[in-house]
There are 2 protein chains.
Amino acid sequence: MSNQREAIANLVVFLPMFMGTLLEGKRINTKLRLNYSEKRTLMYIYNHGGRTMTEYSKRVGLARGSFTTVADSLEDKGLVGRVPGADDRRKCMLVLTEAGKEAAREIDSRFKKHIAARLNCLTEEELEDLKNALVTIETTREKLRDRGN
Amino acid sequence: MSNQREAIANLVVFLPMFMGTLLEGKRINTKLRLNYSEKRTLMYIYNHGGRTMTEYSKRVGLARGSFTTVADSLEDKGLVGRVPGADDRRKCMLVLTEAGKEAAREIDSRFKKHIAARLNCLTEEELEDLKNALVTIETTREKLRDRGN
DNA sequence: ATCTAAATGTTAGAATTCTAATTATGTCTA
DNA sequence: TAGACATAATTAGAATTCTAACATTTAGAT
């Protein structure tokens, strides 16, 4: 029914606010001065290593041009390295250095602690509901991506 | 259980990607050259009129300083007006002009059409699940906000 | 083999957003 | 009332991100 879709459109608008509410409060600052995109990039490479610039830019949600800046900065800080593609010389993989892996682990740990603290005021049942909702959204994202359009 | 919270922290990361997947594709461009923040602001004022700059800046997800720029731009384009607060002269309300209301209606309509089209590949059951998930998230956001921290 | 079109990463300049300081107003306490 | 402090909006300059154009490389068609 079209009603369903309109309701979804109205609800989607709140997702950025939800993110804001969840992240608000203390910043996750390491000694390195990493901005939000740099942290997201480190985390994503940590979990899905050895992909291309374009791939990572999509995942982090940046335009390719912007992502070049982020990769440059991370490389300058000694956290990632560029590896030229073997099969396709246009491509360029990003890999974490040892320092990069350590930074990623620390960011991950702090992020989880922060989220856990923010969720303190929810009951077990509410946590369960929230988790299921997030799973549904992630599943939907995959469907939208795979079924193309 | 702490497991639940860690799972949530891992899932939350996908929300921006979901937004990206949903919004990707054609831009919603009116004759006016409005950026994303300007559109969000118009929509929010349209649905919740007569609030203050700070209130809107939070809703739109911008720093107060950044929001001043957005309000200036919308005012220059004749879409909103600033109304000095009656009780508190520090405050400043934003209201839509007639042109602003018309622009908001058009943006709303195009946004809904765009979302509906993107959701075309989902079944009715999947739509229902997605809607329920979004409702749960919005409910959770309100709880987090109200129960403070 | 050659031509055309597409994909990858980069660059440059503009647009957007952030942080911190500033001004003006309001609130609270002594 | 005076003083100290908090809040609302703005400003200025830096940081981040975007868009469009570019060079290089690859893929596909003829």
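Chain naming here is simple, since letters A, B, ... match the order of the sequence lines and numbering starts at 1 in each. These values consider heavy atoms only, across backbone and side chains, with no hydrogens, waters or symmetry-generated copies.
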Which of these passes side chain to side chain donor-acceptor pair (under 3.5 Å) with A:Q4: B:E126, B:E128, B:E124?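 Result for side chain to side chain donor-acceptor pair (under 3.5 Å) with A:Q4: B:E128.
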Do any side-chain nitrogens or oxygens of [X] fall under 4.0 Å of OP1 or OP2 in [N]?
X	N	answer
B:R89	C:dG26	yes
A:T54	C:dG9	yes
B:S37	C:dT16	no
B:R40	C:dT17	no
A:R82	C:dT10	yes

Measure from [atom1] on [X] to [atom2] on [N] and round the result to the nearest Å.
X	N	atom1	atom2	answer
B:K39	C:dT16	NZ	P	11 Å
B:L62	D:dT17	CG	P	14 Å
B:E75	D:dA9	CD	C1'	13 Å
A:N35	D:dA14	CG	P	18 Å
B:L34	C:dA15	CG	C1'	14 Å
A:R33	D:dA14	CZ	C1'	13 Å
B:E38	C:dA15	CD	P	12 Å
B:K58	D:dA9	NZ	C1'	13 Å

Find which nucleotide of DNA chain C each of A:D88 and A:D72 is nearest to by heavy atoms, and output the residue with the more 5' nucleotide.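 By nearest-heavy-atom nucleotide position, the 5'-most residue is A:D88.
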So what does A:T68 hit on the nucleic acid, given a heavy-atom distance under 4.0 Å: a base, only sugar-phosphate, or nothing?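 Here A:T68 touches the bases of the nucleic acid.
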What does B:R64 touch in the nucleic acid at a heavy-atom separation under 4.0 angstrom: a base, only the sugar-phosphate, or nothing? base
Closest listed nucleotide, where the reference is the side chain of [X] and the choices are [options]:
X	options	result
A:C92	D:dT19, C:dG9, C:dC18	C:dG9
B:R90	D:dC18, D:dT10, C:dT25	C:dT25
A:M53	C:dT17, C:dT10, C:dT25	C:dT10

Check whether any side-chain N or O of B:Y56 sits under 3.5 Å from a backbone N or O of B:R51 as a donor-acceptor pair, and report yes or no.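 Yes, the answer is positive, given that a donor and an acceptor are paired below the 3.5 Å cut-off.
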Any donor-acceptor pair under 3.5 Å from B:T140 side chain to A:L130 backbone: no
Less than 4.0 angstrom from a charged side-chain N to a carboxylate O is my criterion; do A:D72 and A:K77 meet it?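 Salt bridge between A:D72 and A:K77, a charged N being under 4.0 Å from a carboxylate O: no.
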Between B:R105 and B:E102, does at least one N-O distance fall below 4.0 Å, as a salt bridge requires?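 No, B:R105 and B:E102 are not salt-bridged.
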Take A:G61 and B:F67, find for each the nucleotide of DNA chain D with the closest heavy atom, and name the residue whose nucleotide sits nearer the 5' end. B:F67
